[in-house]
Amino acid sequence: MEPSHKDAETAAAAAAAVAAADRGASSSSGVVVQVREKKGPLRAAIPYMPFPVAVICLFLNTFVPGLGTFVSAFTVLCGARTDLPDRHVCCVFWLNIAAALIQILTAIVMVGWIMSIFWGMDMVILASYKEQGIPQQL
């Protein structure tokens, strides 16, 4: 059985990658690869809160969709940082309120409830980054 055209392309790409790796291994300079997540404005508006507050918001979002997100909006007014440094605090506050309203209004069809739980998990993840001293821009 003869290899197909796609198999030949895959094999050629693999051979090129191995050759490039061999060339890179022989040189003394290292290669730095940086991965950066592109966030939308609603996702970037999630504040970096203290860990206990983030856990409370996750708990609230789990049982009352949007309530934890609503509470987290007020942490922005209290000085919590976000990934939107170029936007005014009031704008970030209203983005969080909008996310809470989306979660509340779409909870009827389960979408908002699931979104609310994931939003709370993101809050806890961002809070753990803050506690560990990991920079905001990964």
Side-chain angles (χ1 to χ4, degrees):
M1 186 167 178
E2 292 183 29
S4 68
H5 179 65
K6 290 198 181 245
D7 291 338
E9 285 179 1
T10 305
V18 169
D22 288 341
R23 278 182 274 147
S26 64
S27 68
S28 62
S29 65
V31 175
V32 176
V33 177
Q34 184 177 14
V35 178
R36 196 171 285 206
E37 180 183 3
K38 184 173 169 50
K39 299 176 184 176
L42 280 180
R43 170 64 176 80
I46 298 175
Y48 287 79
M49 299 176 280
F51 191 78
V53 176
V55 171
I56 290 169
C57 288
L58 171 61
F59 181 79
L60 292 173
N61 269 351
T62 302
F63 295 104
V64 182
L67 183 59
T69 306
F70 184 76
V71 169
S72 75
F74 289 96
T75 64
V76 173
L77 296 178
C78 294
R81 292 183 316 224
T82 65
D83 288 332
L84 293 172
D86 55 335
R87 298 229 180 152
H88 195 269
V89 172
C90 289
C91 180
V92 177
F93 170 78
W94 286 111
L95 282 171
N96 278 292
I97 295 295
L101 288 175
I102 291 169
Q103 292 168 8
I104 291 167
L105 294 175
T106 59
I108 298 167
V109 290
M110 298 298 289
V111 173
W113 198 359
I114 294 167
M115 177 186 174
S116 184
I117 293 169
F118 277 103
W119 217 258
M121 291 187 325
D122 281 343
M123 289 180 208
V124 171
I125 290 168
L126 292 175
S128 66
Y129 285 164
K130 179 182 176 187
E131 277 198 356
Q132 294 173 4
I134 299 173
Q136 287 184 16
Q137 294 294 333
L138 294 176

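Please read all numbers here as calculations on a predicted model, not as lab measurements.
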Just wondering, do D83 and Y48 contact through their side chains at under 4.5 Å, heavy atoms? yes
Under the side-chain contact (heavy atoms from CB on, under 4.5 Å) criterion, do V53 and T75 qualify, and how do the steps go? CA-CA 9 Å; V53 176; T75 64; 4.1 Å; yes
Taking the side chain as C-beta and beyond, is there a heavy-atom pair between V89 and W94 under 4.5 Å? no
Is a side-chain donor or acceptor of W113 paired with a backbone partner of T62 at a separation under 3.5 angstrom? yes
G112 to P65 - nearest heavy-atom pair and separation: O-CB, 4.3 Å
Is it true that the side chains of T69 and N96 contain a donor and an acceptor less than 3.5 Å apart? no
Would you say F118 has more than 12 foreign heavy atoms packed within less than 6.0 Å of its CZ? no
Flag yes if more than 12 heavy atoms outside F93 fall under 6.0 Å of its CZ atom; otherwise flag no. yes
Consider only side-chain heavy atoms of I, L, V, M, F, W and Y, link residues closer than 4.5 Å, and tell whether M115 and F70 are in one cluster. yes
Would you mind reporting whether R87 and P41 have side-chain heavy atoms less than 4.5 Å apart? yes
Trace of the side-chain contact (heavy atoms from CB on, under 4.5 Å) decision for M123 with L58: CA-CA 7 Å; M123 289 180 208; L58 171 61; over 6 Å; no
Rounded to the nearest 0.5 angstrom, the CD1-CZ distance for I117 and F59 is 12.0 Å
Would I46 and T82 count as a side-chain contact (heavy atoms from CB on, under 4.5 Å) if you check the C-alpha gap in whole Å, the side-chain angles of each, and the deciding distance to 0.1 Å? CA-CA 6 Å; I46 298 175; T82 65; over 6 Å; no
Check for a donor-acceptor pair, side chain of S116 on one end and backbone N or O of G66 on the other, with a separation under 3.5 Å. yes
For P47 and S72 the tightest heavy-atom approach is CG-O, 3.5 Å
State yes or no: do F74 and V71 share one hydrophobic cluster built from I, L, V, M, F, W and Y residues joined by side-chain heavy-atom distances below 4.5 Å, directly or via other members? no
To the closest 0.5 Å, what do you measure between CG (D122) and SG (C57)? 12.5 Å
side-chain contact (heavy atoms from CB on, under 4.5 Å) between L126 and M49: does it pass, once the steps are laid out? CA-CA 8 Å; L126 292 175; M49 299 176 280; over 6 Å; no
I'd like to know if I102 and I97 are part of one continuous hydrophobic network [Ile/Leu/Val/Met/Phe/Trp/Tyr, side-chain heavy atoms within less than 4.5 Å]. yes
Do L60 and V55 share a hydrophobic cluster, counting only Ile, Leu, Val, Met, Phe, Trp and Tyr and linking them when any side-chain heavy atoms are less than 4.5 Å apart? no
From CG (L84) to CG (L42), nearest 0.5 Å: 9.5 Å
Just how far is it from atom OG1 of T106 to atom CD1 of I114, taken to the nearest 0.5 Å? 9.5 Å
Membership question, hydrophobic clusters at under 4.5 Å side-chain separation (ILVMFWY): are L95 and L77 in the same one? yes
Please report the shortest heavy-atom distance between N61 and G120, naming the atom on each side. ND2-N, 3.7 Å
Rounded to the nearest 0.5 Å, what separation is found between the CD1 atom of I56 and the CZ atom of F51? 11.0 Å
